[in-house]
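Heads up, the thing below is written out as structure tokens.
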Amino acid sequence: MRHFLDFEKPIAELEGKIEELRRTTDAGGIDVAEEVGKLRDKAQALLRTTYAKLSPWQKAQVARHPERPHATDYIGALIEDFTPLAGDRAYADDLAVVGGMGRFRGRAVMVLGTERGHDTESRVKHNFGMARPEGYRKARRLMELAGRFGLPILSFVDTAGAFPGIEAEARGQAEAIARSIEAGLEAPVPFIATIIGEGGSGGAIALAAADRIVMLEHAIYSVISPEGCASILWRDAAQAATAAEALKLTADDLRKLNLVDAVVPEPLGGAHRDADATIAALGDRISELLEPLVELDGATLRARRREKFLEMGRSGVI
């Protein structure tokens with residue numbers, strides 16, 4: 001069964017009626033095609049109206065939708081001959097961060113991603129996409145490996161943030177994130193990062209200090225979650241919708257602030273309603289952005305990347 005968000009309940013009711021009519025047709029041979037067509041048109045119109053005026057908090061819910069395609073879906077569809085690489089060579093292999101080598105449209109690349117998992121078992125396995133220090137050290141290792149072999153880096157970010165457990169802090173969480181950001185900034189190869197769902201805090205930036213930052217239309221990217229912000233400012237997580245509005249975390253907001261470089265439209269109703277179309281559109285956009293970057297030498301890439309992030313600070317938006 002399709003999962004519907006709270007604000008999608010009217011759409012869910014219409015689609016439920018459509019399914020009931022289809023079952024009636026299958027069971028009794030009654031022709032209800034005309035009625036089904038009318039309901040389908042009504043559902044599409046309601047879906048279009050609803051998604052045309054989503055609030056930042058509603059966009060946050062869409063970004064977290066459990067059926068939304070995840071990093072492994074994008075890697076599986078866009079990367080040929082993908083060979084996963086494991087471990088940080090210091091402590092362990094963190095499955096919240098996936099990475100390895102492969103080919104993107106014929107070009108050898110290094111791929112990184114934060115993976116949330118699709119069901120209870122895989123979500124526990126990947127720790128809901130919240131990486132520990134060894135995950136960020138693995139990311140740093142693979143970015144440095146990419147630089148050594150001249151491989152462009154593609155990352156797919158979808159995380160609420162770094163794992164906040166005591167053991168993560170004991171193993172140097174902040175240092176690991178900082179080193180991963182440093183590796184991204186210093187990489188002598190093209191680096192394109194995509195926020196495919198939720199980009200939360202330093203855990204997201206660790207894999208997104210890139211030449212070009214892309215966001216899907218209904219993705220979010222912020223220094224803190226709306227719930228966390230509300231808990232700090234108002235001592236009330238119920239103020240999350242207000243916090244989401246203030247954080248300017250949507251793709252449109254961040255594009256206007258020049259904090260991201262491109263926004264990829266999603267199918268009507270979100271990426272989860274047509275994952276194949278979403279993945280194909282993102283692949284095309286990444287290809288367009290990558291082409292001019294591969295013509296630049298390492299020194300130029302590093303200098304431009306450094307200037308890109310320094311300019312964000314000068315402009316006062318961060």
Side-chain angles (χ1 to χ4, degrees), residues 51-65 67-75 77-78 104 111-116 129 152-161 181 184 190-226 229 243-275 277-290 293 305 308-309 311-312 315 317-318:
Y51 272 76
K53 55 180 182 180
L54 290 182
S55 69
W57 176 235
Q58 288 171 333
K59 289 223 173 195
Q61 294 175 64
V62 177
R64 297 168 175 172
H65 198 289
E67 295 170 6
R68 195 174 176 85
H70 297 145
T72 52
D73 298 313
Y74 289 92
I75 293 171
L78 295 176
F104 172 68
V111 186
L112 293 166
T114 41
E115 174 59 36
R116 288 177 178 261
I153 302 167
L154 306 180
S155 71
F156 301 92
V157 179
D158 186 14
T159 179
I181 294 171
F191 184 1
I192 297 178
T194 304
I195 313 300
I196 57 174
E198 184 175 13
S201 192
I205 299 172
L207 273 68
D211 297 293
R212 298 290 182 267
I213 302 169
V214 183
M215 285 184 73
L216 291 183
E217 179 183 2
H218 299 309
I220 60 171
Y221 193 20
S222 176
V223 68
I224 191 172
S225 70
C229 179
E245 187 76 38
L247 284 167
K248 303 297 182 185
L249 44 63
T250 70
D252 286 342
D253 287 332
L254 294 168
R255 184 69 191 93
K256 290 173 184 175
L257 292 169
N258 290 320
L259 295 180
V260 301
D261 301 287
V263 176
V264 176
E266 297 185 25
L268 180 62
H272 55 282
R273 284 185 172 259
D274 194 341
T278 303
I279 293 170
L282 178 58
D284 290 342
R285 196 71 178 101
I286 290 173
S287 182
E288 291 172 7
L289 293 169
L290 185 59
L293 293 175
R305 199 180 300 135
K308 170 190 176 74
F309 286 95
E311 182 55 34
M312 292 179 187
S315 66
V317 294
I318 59 172

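If you're wondering where the values come from, they're calculated on a predicted model, not measured in any experiment.
Looking at residues two or more places apart in sequence or on another chain, you find a side-chain contact (heavy atoms from CB on, under 4.5 Å) between A160 and R116, E198. Here A281 pairs with V264 under the side-chain contact (heavy atoms from CB on, under 4.5 Å) rule; sequence neighbours left out. A search for side-chain contact (heavy atoms from CB on, under 4.5 Å) contacts involving D274 returns P267, D276, A277, not counting sequence neighbours. Scanning for side-chain hydrogen bond (donor to acceptor under 3.5 Å, both in side chains) contacts around T250 gives D253, with sequence neighbours left out. Residues satisfying the salt bridge (Lys or Arg N to Asp or Glu O under 4.0 Å) test with R273, not counting sequence neighbours, are E15. Partners of D261 according to the salt bridge (Lys or Arg N to Asp or Glu O under 4.0 Å) rule, which considers only residues two or more places apart in sequence or in another chain, are K308. For Y221, there are no ring-ring contact (aromatic ring centres under 6.0 Å, His included) partners, not counting sequence neighbours. Evaluation of the salt bridge (Lys or Arg N to Asp or Glu O under 4.0 Å) rule for E245 yields no partner, not counting sequence neighbours. Here E266 pairs with R68 under the salt bridge (Lys or Arg N to Asp or Glu O under 4.0 Å) rule; sequence neighbours left out.
Here the shortest heavy-atom pairing between L290 and P152 reads CD1-CB, 4.0 Å. Nearest heavy-atom pair, R255 versus V260, reported as atom, atom and distance to 0.1 Å: NH1-O, 3.3 Å. Annotation for A219 and A63: closest pair CA-CB, 4.1 Å, computed over non-hydrogen atoms. Closest non-hydrogen pair, L249 versus S222, comes out as CB-CB, 3.8 Å. Nearest heavy atom pair, residue L247 against residue I224, reads CD1-O, 3.7 Å. Closest approach of I195 and I220 over heavy atoms only: CG2-O, 3.5 Å.
Of the possible donor and acceptor atoms, one in the side chain of S155 sits under 3.5 Å from a partner among the backbone N and O of L207. Under a 3.5 Å cut-off, the side chain of T114 and the backbone N or O of D158 do form a donor-acceptor pair.
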Which atom pairs, one a donor and one an acceptor, fall under 3.5 Å between side chains of residues 53-60 and the rest of the protein, sequence neighbours left out?
from : atom 1 : to   : atom 2 : distance (Å)
S55  : OG     : Q58  : N      : 3.2
Q58  : OE1    : S55  : N      : 2.9
K59  : NZ     : E217 : O      : 3.4

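Residues V62 and Y51 form a side-chain contact, since some pair of their non-hydrogen atoms from C-beta on lies under 4.5 Å apart. For the pair I213/L254, no side-chain contact is recorded, criterion being any heavy-atom separation below 4.5 Å from C-beta on.
With values rounded to the nearest 0.5 angstrom, I279 atom CD1 is found 9.0 Å from F156 atom CZ. With values rounded to the nearest 0.5 angstrom, I286 atom CD1 is found 6.0 Å from L78 atom CG. In this structure, the separation between CZ on F191 and CG on L293 is 12.0 Å, given to the nearest 0.5 Å. A distance of 10.5 Å separates CG of L154 from CG of L289, quoted to the nearest 0.5 Å.
Sorted by first and then second residue, the side chain to side chain donor-acceptor pair (under 3.5 Å) pairs with a member in residues 199-215 read D211-R305; sequence neighbours excluded. Sorted by first then second residue, the ring pair (Phe, Tyr, Trp, His ring centres under 6.0 Å) pairs that include residues 245-272, not counting sequence neighbours, are H65-H272.
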